[in-house]
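Structure, as structure tokens:
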Protein chains: 2
Amino acid sequence: MGNTLKPAGETRAGDVLARMRSDIISCALKPGTKLRFETLRELYEVSFSTLREALSRLVAEGLVVAEGQRGFLVAPVSLFDLNDLTDVRVLVERQCIKLAIERGDDRWEADIMAAFHRMDRLQSRLGASYYLSDEWATLHSAFHLSLVAACGSPNLLEIRQKLFERAHRYRRMSSQFRPQWRAKDVEHKMIMDRVIARDTATAQDLVDRHIRETTENVIAHASHLFAQGGAGDPFKRSDPVAAE
Amino acid sequence: MGNTLKPAGETRAGDVLARMRSDIISCALKPGTKLRFETLRELYEVSFSTLREALSRLVAEGLVVAEGQRGFLVAPVSLFDLNDLTDVRVLVERQCIKLAIERGDDRWEADIMAAFHRMDRLQSRLGASYYLSDEWATLHSAFHLSLVAACGSPNLLEIRQKLFERAHRYRRMSSQFRPQWRAKDVEHKMIMDRVIARDTATAQDLVDRHIRETTENVIAHASHLFAQGGAGDPFKRSDPVAAE
DNA sequence: TTACTGCCGATTTTCGAAATAATCAAAACC
DNA sequence: GGTTTTGATTATTTCGAAAATCGGCAGTAA
């Protein structure tokens, strides 16, 4: 049919959703902040209903929490949540890796190498501080997804993706302090090698460590930003992202 | 403070959400059905915005799917989805059981026994077809939750609960055909015993089998109702629920 | 002083109309 | 005859005002 392209076919709510998600992950909207409709309406230039739509979806993603009839809140960060999130991610990611290695075909292997190559090339182009770039964050996310894309479980992949994005916010919080993630490059290559070699146990262990080390890094360098009880601390506006 | 009770403190959106969820699970709204706003507005007696709010949340729960700017759809059922859902549930539930047994205290054990007792008493009161009751479904859900409540992972519990509700719809589809779930009663007791005895491996295996057998039952008796490609088949309106 | 009750301003939630986008069918074109 | 274009119809998305709700404060009583 005539339906050739529709890249611009985006609803306003979808646009606001994306922008808010980005602002929350980058901590431009600080954890624990109360989200007042009037303020947001001016900031994003949309109406109440459209905001509500976006807020509802962000609640589903765990980036915003709803407080009964008392409005919305940027989801607080905490040491407890980070650790819990990490444990769940490890569980899910290990299973994804296992299934993908069982079920993946040649096409899957090729896609992994392509995703790695794209990420690797962009790193070279951007130089030392590649991890500060939003574009790199996208390719990094795509690389990790490609590793498990063949797992054959839409439900597991959906859960994995939501957890990945929640974790992204924590990574971003630490990357602005200690930009020394060089070891991660090597890890990505090792993981890819072991996955394509269908070495399930080693691949799982590598991914496990990859995730947990990042968490330890965040705790070491950014945990002073976490709320102890619940309310958020003041954050500097920034948009760097940590590697994983 | 004076805040003694607020059981009636429910927003209209929350009310509509609950009613729609119930209607979807009971297949009063058939899988694959297109959800037209005008129709729903009359059915639930609310406005567009309120509907949109509820729909958004149901999308998050996986009971409704959004089709870009072409509206909403009751999430279709399929053999593939049921099997996938079952596998993910087993993964999550096994981990929940393991953690709960590691971390649970006396209070946790007591809560399990209390939940079982309440479910058991209601079964006696309702007689042979207890599983047709919504009230029993609630207690059944609470019992399974109590088993893993002490796992200490809010993220895992949240995922578990969403998967449980999605599976609920499938259970309901089969229970209207073959009301012979008597073996499940015994299973519940066995699971409780092994969990409280802190016998992790056996408890995990029992829960695993508990879930998978229910799925097999659904496939055996209700898979003819599943859409092959995606669109839903006609369903009879009903509100029975299968045991698990 | 302490606890309860009733009001007021601020904020959220709901509403239905208006704008925008998709669908379908008939007409025009190749 | 088959394909594309056009236009009317239907459905969804967005808007801002109106209604409902919350939290605090003043006033009263114990």
Side-chain angles (χ1 to χ4, degrees), chain A residues 1-21 24 29-30 32-60 63-76 230-232, chain B residues 1-21 24 29-30 32-60 63-76 230-232:
Chain A
M1 291 299 181
N3 281 343
T4 49
L5 314 167
K6 51 172 177 176
E10 182 136 5
T11 64
R12 194 151 322 198
D15 179 51
V16 173
L17 173 67
R19 279 196 289 158
M20 284 192 69
R21 177 164 42 215
I24 290 173
L29 293 172
K30 303 169 200 164
T33 301
K34 187 153 199 328
L35 294 167
R36 271 177 263 283
F37 276 83
E38 197 54 45
T39 312
L40 295 174
R41 208 179 66 78
E42 291 173 22
L43 185 55
Y44 295 103
E45 296 176 310
V46 290
S47 72
F48 296 109
S49 315
T50 307
L51 271 177
R52 177 162 279 277
E53 165 97 13
L55 262 328
S56 284
R57 296 198 190 177
L58 286 168
V59 169
L63 293 173
V64 165
V65 295
E67 295 254 281
Q69 317 162 274
R70 291 192 292 277
F72 296 87
L73 221 69
V74 178
Chain B
M1 292 299 179
N3 279 344
T4 49
L5 312 167
K6 53 172 177 178
E10 182 136 6
T11 64
R12 194 150 320 197
D15 178 53
V16 173
L17 173 68
R19 280 196 288 156
M20 284 193 69
R21 177 164 43 213
I24 290 174
L29 294 171
K30 302 166 198 163
T33 302
K34 188 152 198 329
L35 294 168
R36 271 173 264 278
F37 276 83
E38 196 54 44
T39 313
L40 295 174
R41 211 180 63 78
E42 291 172 20
L43 185 54
Y44 295 104
E45 298 175 310
V46 290
S47 70
F48 296 107
S49 315
T50 307
L51 272 177
R52 175 163 281 276
E53 165 97 13
L55 262 328
S56 285
R57 297 200 189 176
L58 286 169
V59 169
L63 293 174
V64 165
V65 295
E67 295 254 281
Q69 314 163 274
R70 290 193 292 278
F72 296 87
L73 222 69
V74 178

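Each chain gets a letter, A, B and so on, in the order its sequence line appears, and its residues count up from 1. Here the structure is a predicted model, which means the values were calculated and not measured.
Taking atom CZ of residue B/R70 and atom C1' of nucleotide C/dC24, one finds them 15 Å apart after rounding to whole Å. If you take CZ of B/F72 and P of D/dT12, they are 9 Å apart, rounded to a whole angstrom. Rounding to whole angstrom units, CZ of residue B/R36 and C1' of D/dA11 are separated by 8 Å. Counting to the nearest Å, the C1' atom of D/dA20 and the CG atom of B/D15 are 15 Å from each other. Rounded to whole angstrom, the span from the CG atom of B/L17 across to the P atom of C/dT14 amounts to 11 Å. Distance B/E67 CD to D/dT13 P: 11 Å, rounded to the nearest Å. What separates CD of A/E38 from C1' of C/dG9 is a distance of 15 Å, to the nearest Å. The nearest whole Å value for the distance from the CD atom in A/E53 to the P atom in D/dT14 is 7 Å.
Every residue two or more places apart in sequence or in another chain was checked for a salt bridge (Lys or Arg N to Asp or Glu O under 4.0 Å) with A/R12, and none qualifies. Under the side chain to side chain donor-acceptor pair (under 3.5 Å) criterion, B/S47 pairs with B/T50, sequence neighbours left out.
Across all strands shown, B/L35 has heavy atoms under 4.0 Å from sugar-phosphate atoms exclusively, and none from any base. Among the heavy atoms of the strands, none lies under 4.0 Å from B/G14.
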Could I get a table of every N or O pair under 3.5 Å where one atom is in the protein and the other is in nucleotides 15-19 of chain C?
from   : atom 1 : to    : atom 2 : distance (Å)
C/dC15 : OP1    : B/R12 : NH1    : 3.4
C/dC15 : OP2    : B/S47 : N      : 3.2
C/dC15 : OP2    : B/S47 : OG     : 3.2
C/dC15 : OP2    : B/T50 : OG1    : 2.8
C/dC15 : N4     : B/S49 : OG     : 2.7
C/dG16 : O6     : B/S49 : OG     : 2.9

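For B/R52, whose side chain is taken as the heavy atoms from C-beta onward, the closest listed nucleotide among D/dA11, D/dC22, D/dT14 is D/dT14.
Taking only side-chain nitrogens and oxygens, B/K34 never comes nearer than 4.0 Å to OP1 or OP2 of C/dA22. Side-chain N/O atoms of B/Q69 include none lying less than 4.0 angstrom from OP1 or OP2 on D/dT12.
Taking all atoms of both residues into account, the shortest heavy-atom contact from A/A54 to A/A13 is CB-O, 4.3 Å.
For the side-chain contact (heavy atoms from CB on, under 4.5 Å) test with B/L58, the passing option among B/L17, B/V65, B/V74 is B/L17; the others fail.
Using a 4.5 Å heavy-atom threshold, the side chains of B/F48 and B/E53 count as separate.
Atom CG of B/L35 is separated from atom CG of B/L29 by 6.0 Å, given to the nearest 0.5 angstrom. Annotation: the span from A/L51 atom CG to A/R41 atom CZ amounts to 8.5 Å, rounded to 0.5 Å.
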